[in-house]
Amino acid sequence: MIEEELIRIWKSSSKEEQIKFEKSKLLIDLQANIDRFNKKIKYRDVREIIPAIIMIPVFGHLAYNIPFVISKIGAIIILLWCIYVIIKIRSLKKHKPAPTTTSYRNYLLETKKYLMIQKKLLDDVLYWCVLPSFIGVFVFFIGINPDPLALIGPFILLSLIGIVIYLLNKHAAKVEFVPRLEKIDKALKDLEEYKDT
Amino acid sequence: MEKELEKIFLEGLEQNKNKLFRICSAYSIDSESTKDLFQEAIINIWQSIHSFKSQSNISTWMFRITLNVCLRIQYSQKKRRILFKNMDSILIENLHFTSEKEESNKKLVHLRHCISQLKEPDKSIITLCLEELSYKQISEVTGLTENHIAVKVKRIRSKLFICINQK
């Protein structure tokens with residue numbers, strides 16, 4: 001089969017479908033879709049930091065009013081951690097997914113970079129989320145009741161919550177990002193194939 | 001400025017709609033997903049129209065976005081992968097086949113099957129090649145050098161011929 005024949009067959013698909021645009025409505029439709037999408041993103045961004053925003057006045061109030069010094073320290077640790085989480089999430093928003101206007105090769109490279117940042121966030125959840133919050137809350141409890149026996153319950157509960165959060169994030173990184181990164185690596189490798197021949 | 005961009009967009013779309021649709025078809029499993037992908041590509045093109053530089057070629061630019069959208073959807077892990085939906089201002093009618101067209105349709109299905117068997121980047125390069133883009137244009141879309149494209153096209157073509165002749 002000669003190449004012209006292949007091109008002819010390939011282009012014959014246009015005889016199957018007829019594409020029409022209602023031009024007067026098209027641009028309105030497109031913009032409505034984009035606006036709806038942007039609204040969703042904005043809502044998602046706010047939703048992600050809302051727990052931290054709520055916790056700041058609560059632990060600020062506790063840090064100021066609670067009579068136990070150690071609990072005050074715990075509340076301050078949680079307060080600082082909440083601020084850090086907000087800053088971290090906001091700084092992550094600066095990393096945008098790769099723009100589709102770039103070349104195919106660049107798109108792959110940029111997407112890889114973006115996915116690696118997202119994956120690292122989940123991989124490092126122990127250091128930026130689990131440990132600081134665990135320490136803060138545990139110190140807070142020590143201040144309220146320093147009896148070691150009374151602390152066993154909260155310690156076990158907090159440890160279990162921390163382990164579950166850590167494992168869920170590790171699992172999400174593995175399921176959500178590892179396969180995509182592997183596919184992108186393979187595509188990049190295939191793209192570079194025959195480069196030096 | 002806004003009106004000018006709208007004009008560029010609509011003209012570019014009218015001129016390239018069939019080509020873009022065919023590229024989407026290489027990344028879809030059925031006609032419904034081709035339509036979804038096509039719609040997604042158009043929205044992305046419109047979303048990026050402000051970054052279009054009038055001195056560059058609108059067709060190449062549109063191909064680039066469409067391919068990247070196809071790639072993004074392909075690599076997405078989520079089941080509901082299409083972000084935008086329900087645009088009734090885009091009408092895609094499936095035309096009925098006459099008996100003489102049936103044979104050419106069989107060939108088309110086989111060609112699409114063979115293309116789907118190719119490696120991901122090869123699929124992109126061959127679809128652009130079948131759209132009769134020059135090596136220079138393919139190089140602009142993919143980011144590879146023209147020489148590299150030439151070597152790749154030669155190899156992909158051989159693979160495609162082998163697949164087609166296996167029928």
Side-chain angles (χ1 to χ4, degrees), chain A residues 1 3 5-34 36-37 40 97-109 111 115 175-177 179-181 183-184 186-197, chain B residues 6 10 13-14 17-18 21-22 25 31 38 42-44 46-48 51-52 61 64-65 67-69 71-72 75-77 83-84 87-95 97 101 104-105 107-108 111 119-122 124 130-132 140-144 148 151-152 155 157 160-161 164-165:
Chain A
M1 198 180 283
E3 202 181 327
E5 173 70 355
L6 282 182
I7 293 172
R8 195 192 59 74
I9 296 169
W10 174 250
K11 291 191 172 179
S12 72
S13 69
S14 301
K15 290 170 195 155
E16 273 182 59
E17 295 101 1
Q18 202 171 7
I19 306 161
K20 289 179 191 164
F21 300 108
E22 223 178 293
K23 281 186 185 167
S24 56
K25 222 176 146 200
L26 179 65
L27 294 179
I28 299 168
D29 252 5
L30 288 169
Q31 202 50 50
N33 258 294
I34 291 167
R36 205 177 310 136
F37 177 69
K40 266 188 203 168
T100 48
T101 49
T102 190
S103 72
Y104 183 92
R105 185 173 178 274
N106 263 349
Y107 184 77
L108 285 170
L109 290 169
T111 304
L115 291 179
V175 171
E176 185 78 20
F177 296 107
R180 287 160 82 183
L181 282 165
K183 281 182 197 168
I184 289 173
K186 186 175 181 313
L188 277 167
K189 195 171 159 257
D190 291 339
L191 197 65
E192 298 300 324
E193 207 177 29
Y194 314 130
K195 195 175 184 178
D196 303 318
T197 45
Chain B
E6 281 179 18
L10 291 172
L13 199 56
E14 196 55 49
K17 60 183 183 186
N18 289 327
F21 194 82
R22 284 193 294 261
S25 73
S31 61
F38 178 64
I42 291 176
I43 294 175
N44 273 272
W46 173 243
Q47 205 170 19
S48 312
S51 67
F52 174 71
W61 188 77
R64 202 187 286 168
I65 295 178
L67 267 185
N68 288 337
V69 168
L71 205 62
R72 188 183 70 202
Y75 288 167
S76 167
Q77 289 297 107
L83 295 172
F84 307 105
M87 287 180 56
D88 48 14
S89 54
I90 302 174
L91 306 166
I92 299 159
E93 290 171 2
N94 278 23
L95 302 178
F97 283 111
K101 279 183 185 167
S104 102
N105 185 42
K107 287 181 183 170
L108 177 64
L111 175 62
K119 287 175 185 170
E120 186 53 58
D122 294 357
S124 315
L130 290 170
E131 289 299 339
E132 297 185 276
E140 281 169 21
V141 174
T142 58
L144 300 177
H148 193 179
V151 178
K152 273 186 104 60
R155 310 265 173 143
R157 222 182 263 153
L160 202 56
F161 282 138
I164 281 168
N165 291 324

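First the proteins, then the strands, lettered A, B, ... as listed; each starts at 1. Values below: every heavy atom of this structure, side chains too, minus hydrogens, waters and symmetry copies.
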Under 4.5 Å from any heavy atom of chain B - which part of A:T111: neither

Heavy-atom pairs under 4.5 Å with chain B, option from A:N106, A:L188, A:I28, A:L26 with the top count: A:L26

With only heavy atoms counted, which part of A:L108 is less than 4.5 Å from chain B, the side chain, the backbone, both or neither? side chain

Are B:I43 and A:F37 packed together at the side-chain level, in the sense that at least one heavy-atom pair is separated by less than 4.5 angstrom? no

Engaged part of B:E140 at the chain A interface, taking heavy atoms whose separation is under 4.5 Å: backbone

Need one label for B:L111: side chain, backbone, both or neither, based on atoms under 4.5 Å from any heavy atom in chain A. side chain

Please test A:I9 against B:L130 for side chain to side chain contact (heavy atoms under 4.5 Å, CB included), starting from the C-alpha separation and ending with a verdict. CA-CA 9 Å; A:I9 296 169; B:L130 290 170; over 6 Å; no

At their closest point, which heavy atom of B:P121 faces which heavy atom of A:A187, and how far apart are they? CG-O, 3.2 Å

Go through A:F21 and B:L10 one step at a time and tell me if the side chain to side chain contact (heavy atoms under 4.5 Å, CB included) criterion holds. CA-CA 9 Å; A:F21 300 108; B:L10 291 172; over 6 Å; no

State, with a plain yes or no, whether a side-chain heavy atom of B:K107 is found less than 4.5 Å away from one of A:W10. no

Got A:T101 and B:N68 here, is their nearest side-chain heavy-atom distance under 4.5 Å? no

Which region of B:L160, side chain (C-beta onward) or backbone (N, CA, C, O), has a non-hydrogen atom less than 4.5 Å from a non-hydrogen atom of chain A, or is it both or neither? side chain

Nearest 0.5 Å please: distance from the CD atom of B:Q47 over to the CD1 atom of A:I34. 4.5 Å

Does a side-chain heavy-atom distance below 4.5 Å link A:Y107 with B:R64? no

With rounding to the nearest 0.5 angstrom, report the CG to CZ distance, B:L108 to A:R8. 10.0 Å

Looking at B:I90, is its backbone amide N or carbonyl O close enough to the side chain of A:K20 to form a donor-acceptor pair, meaning the two atoms are under 3.5 Å apart? no

Report yes if the side chains of A:R105 and B:T142 come closer than 4.5 Å at any heavy-atom pair, otherwise no. no

With sequence neighbours left out, what residues match A:K189 under side chain to side chain contact (heavy atoms under 4.5 Å, CB included)? none

Any side-chain heavy-atom pair from A:T100 and B:S48 closer than 4.5 angstrom? yes

Given side chain to side chain contact (heavy atoms under 4.5 Å, CB included), test A:L27 with B:W46 step by step and report yes or no. CA-CA 8 Å; A:L27 294 179; B:W46 173 243; 3.8 Å; yes

Please round to the nearest 0.5 Å and tell me the distance separating atom NE2 of B:H148 and atom CG of A:L191. 6.5 Å

Would you say that B:E120 contacts A:D190 through its side chain, given a criterion of any heavy-atom pair below 4.5 Å between the two side chains? no

Measure the shortest side-chain to side-chain distance between A:E193 and B:R155 over non-hydrogen atoms and say whether it is less than 4.5 angstrom. no

